[in-house]
Amino acid sequence: MESSESGTLNGQRTEGNSGRAGAGAITVGQRVDRVSDTAQEAWSRTRETVSELKERLDIEGRVQRNPYGMVAAALGVGYLLGGGFFSPLTARLFRVALRIGVRVAAIPFLENEIRGFAEAVVTGSEGDEGDGEAASSGEGKRSQHKGTKGGKR
Amino acid sequence: MEMTEQFEKTARELEDRIRPQIEEAKKKVSDLNGRAVSYIKENPGKCLLGAIAAGYIIGRIASR
């Protein structure tokens, strides 16, 4: 640029050995230009990175899809940032959530078990009755006329 | 028999009286929910930052 002119640039001194304007000397203006170029480059890179991160995270899309969930997640992040993780309140909340979770998980399991047991009992007793009837068919209708259950004997 | 009929009548009257109020409350809650959702969708950044700030304050209070 104008740096080769007699060691000054817009009234600014050139850098070099005691003010001499050598071929390799860099003026203050050049240095400022270079710094501003670097800053611009860094800024554009930062913007690119931020926009890429935005695309990746898709926060707006997530908020559109699940607004309450995102707000709850943000509350949780703030709570953690506030140092509430290792606190008695968190421990209490965790205990309550665990208890509820265990109950919620255990109730369907117990319900299935009880239902299976009841079905097994019902089908077993029906099977017994069926077997009894088949076995007592040989006794004839005499016992039925008497009003007794032949299969139970 | 008469007592059962009387009881049924009272229950029906009570239901007739309460049902509109329940319906109105349901409508109000639904309306509020819709407004909250639309506000969050229109201002996601504000809502998320506000939620983070609220969570931070709650965390600070809880950690004391």
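Chain A is the first sequence line, chain B the second, and so forth, proteins listed ahead of strands; every chain is numbered from 1.
Only the side chain of A:I59 comes within less than 4.5 Å of a heavy atom of chain B; its backbone N, CA, C and O stay farther away. With a threshold of 4.5 angstrom between heavy atoms, B:N33 approaches chain A through its backbone and through its side chain. For chain B, the nearby parts of A:L75 are the backbone and the side chain; heavy atoms of each come within less than 4.5 Å.
By the criterion of side-chain heavy atoms lying less than 4.5 angstrom apart, applied directly or through intervening Ile, Leu, Val, Met, Phe, Trp or Tyr residues, B:L49 is not grouped with A:V63; the two fall into different hydrophobic clusters. By the criterion of side-chain heavy atoms lying less than 4.5 angstrom apart, applied directly or through intervening Ile, Leu, Val, Met, Phe, Trp or Tyr residues, B:I40 is not grouped with B:L32; the two fall into different hydrophobic clusters. Residues A:L57 and A:V71 are members of one and the same hydrophobic cluster, defined by side-chain heavy-atom contacts under 4.5 angstrom among Ile, Leu, Val, Met, Phe, Trp and Tyr. Residue B:Y39 is not grouped with residue B:V37 when hydrophobic side chains (ILVMFWY) are merged at heavy-atom distances under 4.5 angstrom, including chains of intermediate members.
Residue-environment remark: CD (A:Q64) exceeds the threshold of 12 foreign heavy atoms within 6.0 Å. Within 6.0 Å of NZ on B:K41 lie more than 12 heavy atoms contributed by other residues, nucleotides or ligands. Heavy atoms of other residues, nucleotides or ligands lying less than 6.0 angstrom from CZ of A:F85 number 12 at most.
Inspection of non-hydrogen atoms places no residue of residues 17-30 of chain B under 4.5 Å from chain A.
When the candidates A:G84, A:G82, A:P88 are compared by the number of heavy-atom contacts under 4.5 Å with chain B, A:G82 comes out ahead.
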What side-chain donor-acceptor pairs closer than 3.5 Å can you find for residues 53-63 of chain B, not counting sequence neighbours?
| from | atom 1 | to | atom 2 | distance (Å) |
| --- | --- | --- | --- | --- |
| B:S63 | OG | B:G59 | O | 3.3 |
| B:S63 | OG | B:R60 | O | 2.9 |

